[in-house]
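Structure record follows, encoded as structure tokens.
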Amino acid sequence: MDGLISFFASHHAIRAETVLKRNGLAAHLIPGPKDLSPNCGVALRFEYALRENVLAVLTAKGVRIDGVHFYQPRTDEWNVRQAGR
Amino acid sequence: MRPLRHLETLGVELTVVNCNQDGMLDLNGVRRALRANTRLLVTTHGSNVVGTLTPVEAVAALARERDVLSLVDAAQTAGAIPIDVQEMGVDLLAFSGHKGLLGPTGTGGLYIREGVALTPLMRGGTGSDSAHQIQPDFLPDAFESGTLNVVGIAGLAAGVRFLLGIGIDAVAAHDRALVSRFLAGASKISGITLYGPRDAALHCGVVSFNLAGATPSEVGLILDERFGIMARTGLHCAPSAHRTLGTFPTGTVRFSFGWFNTPAEVEKAVEALGDIAAWAIQGAAASKTLSL
């Protein structure tokens, strides 16, 4: 997943994960990277290519967001490491 | 700090005494900060950021000497470090139920020494003194209006009974041994910075650290997703503590050890940190980010 949404409050982050999954959209909560999201402890990863769809769902459900980012964190290297094990 | 900062807006004057870089409180600093109009001395018992313990008996003694009330926040220590409010000599002691006391979230309590005059935050029915429309002034009814969270409190009581069966001394020794093992193992990792005292006897079960070349949230994410280890990253709702440590605004990674943790888990955590530190120091590829 190469997209990230930051939020003002954890409430909205958790709500976003719930409504996206209910709509068949992949979503995953992570500790908010400080450089992108100083406001709140958690941020949400999603598929950047699906951002229009994702944002439409969040808007329709009244989930308030802080910002949308393209995000390929270097910590994803650990997924490759894991797969190679 | 938020309630204290709020009181400040209501006209209460606040003097903040900083700890040293290890989170140790200097009693002389407290003594110097006491003013003619000081009414209350508030301290944490154990830091939620680095785990440093405050010498609360000495602080309470100083407060008594100056005719000032003392309030201890024991959120990090209740259930993990022996507490005897009378021996401590404190006037007020607040605790949360969901940490060391193993209770449900949303539970907690405030010890009020008999004789301390305090205004209730809430007033209402108490099931006592029902013929009167004035809030009772006796303990605990003065502060227990309305329907209490009985289910939560029953859960808290179960946690307390469990702990008393083990003995708080035994819990404290267990936590101290884990902290000691962690500090010994982690201090050998190249690129790690450990915050707080190196002596486990000065700690509750909380330790804080950073790895060179990685942010706390990166370390927390890898620990969680690749090693199944939970940590709390960032500022821990304590910006001034992080300013004192020199870790503001980046924060730290925090582990909290408790009765259900084992030495083997601590070893596994140290090993995981070694792996992550090596990855961070090698200079992992840069993250790609772009904000809309």
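Labels below follow one simple rule: chain letters A, B, ... track the order of the sequence lines, proteins then strands, and each chain is numbered from 1.
At a 4.5 Å heavy-atom cutoff, the contact between B/Pro249 and chain A is made by backbone atoms alone. B/Ile222 touches chain A through its side chain: at least one heavy atom from C-beta onward sits under 4.5 Å away, while N, CA, C and O do not.
A/Trp78 and B/Glu225 share no donor-acceptor pair across their side chains, judged by distance under 3.5 Å alone.
Not less than 6.0 angstrom separates the ring centroid of A/Tyr48 from the ring centroid of A/Tyr71.
In this structure a side-chain-to-backbone donor-acceptor pair under 3.5 Å is missing from B/His242 to B/Leu245.
Annotation: maximal heavy-atom pairing with chain A below 4.5 Å, among B/Ala214, B/Gly234, B/Ser217, occurs at B/Ser217.
Aromatic ring orientation, B/Phe257 versus B/Phe182: tilted (interplanar angle from 30° to 60°).
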